[in-house]
Amino acid sequence: AQSVTQPDIHITVSEGASLELRCNYSYGATPYLFWYVQSPGQGLQLLLKYFSGDTLVQGIKGFEAEFKRSQSSFNLRKPSVHWSDAAEYFCAVDNLRDNYGQNFVFGPGTRLSVLP
Amino acid sequence: ETGVTQSPTHLIKTRGQQVTLRCSSQSGHNTVSWYQQALGQGPQFIFQYYREEENGRGNFPPRFSGLQFPNYSSELNVNALELDDSALYLCASSAKTGVNSPLHFGNGTRLTVT
């Protein structure tokens, strides 16, 4: 079965520091990968997505992610973190079934804290 | 462009009761999915509706059921509530123009079962 792991439950960085959140997936074919962010009490907001092509994808709020097939990874990065980036981050893979229907499998999430 | 809206925002029910949660999809989206997010966990897929029919289901018992209406809005119904049903229930819509359409989420309904 498809699965997504996020090895880091909680990460704390200082404002202005760089950030990398790890994501590994288990999927038989070329995956469709996503990163979402969730602020407390809110729904999930799409940060970026990877379908094919360039393995480095740009997203909103200055985030980027790199797809590495050899490592089954899709790590999220940001060069300089802002206090407003403190939130829960979820990596997800679209568990496609016969090109029909969607079933997103989410990782357990990484909580990001930002120190002033 | 109107986003995904869910109602109510919070709900408290007693074990054994039934509950209905509602969702209006984003403008132009014809597919609706429901997810359950327990505290401290990632969302888990419940089911998806497309053209008013269930189009995929996760590992949830039959007491979880749903509907999609002609205007693409949707309901999630849960019968015989159990304590473990306490969670944030997220609705997401997508445009069924391709299999790689991102999900757009609402802010969720927080259900507490006592």
Side-chain angles (χ1 to χ4, degrees), chain A residues 1-10 21 23-25 27 29-53 57 59-60 65 67 87-111, chain B residues 3-10 21 23-26 29-51 53-60 68 87-110 112:
Chain A
Q2 288 72 22
S3 65
V4 176
T5 57
Q6 294 179 247
D8 304 305
I9 297 174
H10 184 204
L21 302 182
C23 171
N24 294 98
Y25 64 90
Y27 194 75
T30 300
Y32 296 129
L33 295 160
F34 305 82
W35 274 99
Y36 284 84
V37 60
Q38 185 178 35
S39 298
Q42 300 293 310
L44 279 72
Q45 181 184 21
L46 178 67
L47 285 176
L48 47 77
K49 58 186 183 288
Y50 171 78
F51 297 147
S52 64
V57 294
I60 63 171
F67 170 63
E88 190 89 18
Y89 290 80
F90 294 95
C91 181
V93 60
D94 191 349
N95 180 23
L96 303 173
R97 295 168 290 110
D98 301 321
N99 276 351
Y100 190 67
Q102 296 169 299
N103 169 0
F104 278 41
V105 177
F106 285 85
T110 296
R111 183 161 62 92
Chain B
V4 177
T5 58
Q6 293 186 242
S7 63
T9 55
H10 294 82
L21 311 181
C23 171
S24 294
S25 61
Q26 182 168 316
H29 288 181
N30 57 16
T31 300
V32 174
S33 304
W34 286 91
Y35 286 76
Q36 180 195 66
Q37 185 179 19
L39 198 62
Q41 297 182 23
Q44 300 288 319
F45 175 67
I46 303 176
F47 43 56
Q48 183 180 73
Y49 278 82
Y50 173 61
R51 291 184 175 177
E53 291 191 0
E54 189 177 288
N55 179 37
R57 188 178 184 92
N59 189 27
F60 281 81
Q68 187 182 31
L88 181 68
Y89 287 86
L90 295 164
C91 173
S93 70
S94 60
K96 193 82 176 165
T97 56
V99 296
N100 51 15
S101 300
L103 297 178
H104 296 261
F105 286 85
N107 287 336
T109 294
R110 172 72 62 187
T112 302

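In what follows, chains carry the letters A, B, and so on, assigned in the order in which the sequence lines appear, proteins first and then strands, with residues in each chain numbered from 1.
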(request) Check the angle between the aromatic planes of A:Tyr32 and A:Phe51 and answer parallel, tilted or perpendicular using the 30° and 60° thresholds. (result) perpendicular
(request) Could you check whether the rings of A:Tyr50 and A:Phe67 sit parallel, tilted or perpendicular, using 30° and 60° as the cut-offs? (result) parallel
(request) Please name all residues satisfying side-chain hydrogen bond (donor to acceptor under 3.5 Å, both in side chains) with B:His10, sequence neighbours left out, ordered by chain then number. (result) none
(message) Using heavy-atom distances under 4.5 Å, tell me whether A:Phe104 contacts chain B through its side chain, its backbone, both, or neither.
(response) both
(request) Counting only heavy atoms closer than 4.5 Å, note whether B:Phe47 contacts chain A via side chain, backbone, both or neither. (result) neither
(message) Counting heavy-atom pairs under 4.5 Å with chain B, which one of A:Pro108, A:Gly41, A:Ser39 comes out on top?
(response) A:Pro108
(request) Would you mind checking which part of A:Gln38 comes under 4.5 Å of any heavy atom in chain B, side chain (CB onward), backbone (N, CA, C, O), both or neither? (result) side chain
(message) Among B:Gly42, B:Pro43, B:Gly108, which residue has the highest count of heavy-atom pairs closer than 4.5 Å to chain A?
(response) B:Pro43
(request) Could you go through the ring pair (Phe, Tyr, Trp, His ring centres under 6.0 Å) check for B:Phe45 and A:Phe106 one step at a time? (result) CA-CA 9 Å; B:Phe45 175 67; A:Phe106 285 85; over 10 Å; no
(request) Check whether any side-chain heavy atom of B:His104 lies under 4.5 Å from a side-chain heavy atom of B:His29, and answer yes or no. (result) yes
(message) Looking only at heavy atoms and a cut-off of under 4.5 Å, which of B:Gln44, B:Gln41, B:Gln37 has the most pairs with chain A?
(response) B:Gln37
(message) The criterion is side-chain hydrogen bond (donor to acceptor under 3.5 Å, both in side chains); which residues satisfy it with B:Tyr89, sequence neighbours excluded?
(response) B:Gln36
(request) Against chain A, label B:Leu90 side chain, backbone, both or neither, depending on which of its atoms sit under 4.5 Å from a heavy atom there. (result) side chain
(message) If I measure from the heavy atoms of chain B, does A:Leu46 come under 4.5 Å with its side chain, its backbone, both, or neither?
(response) side chain
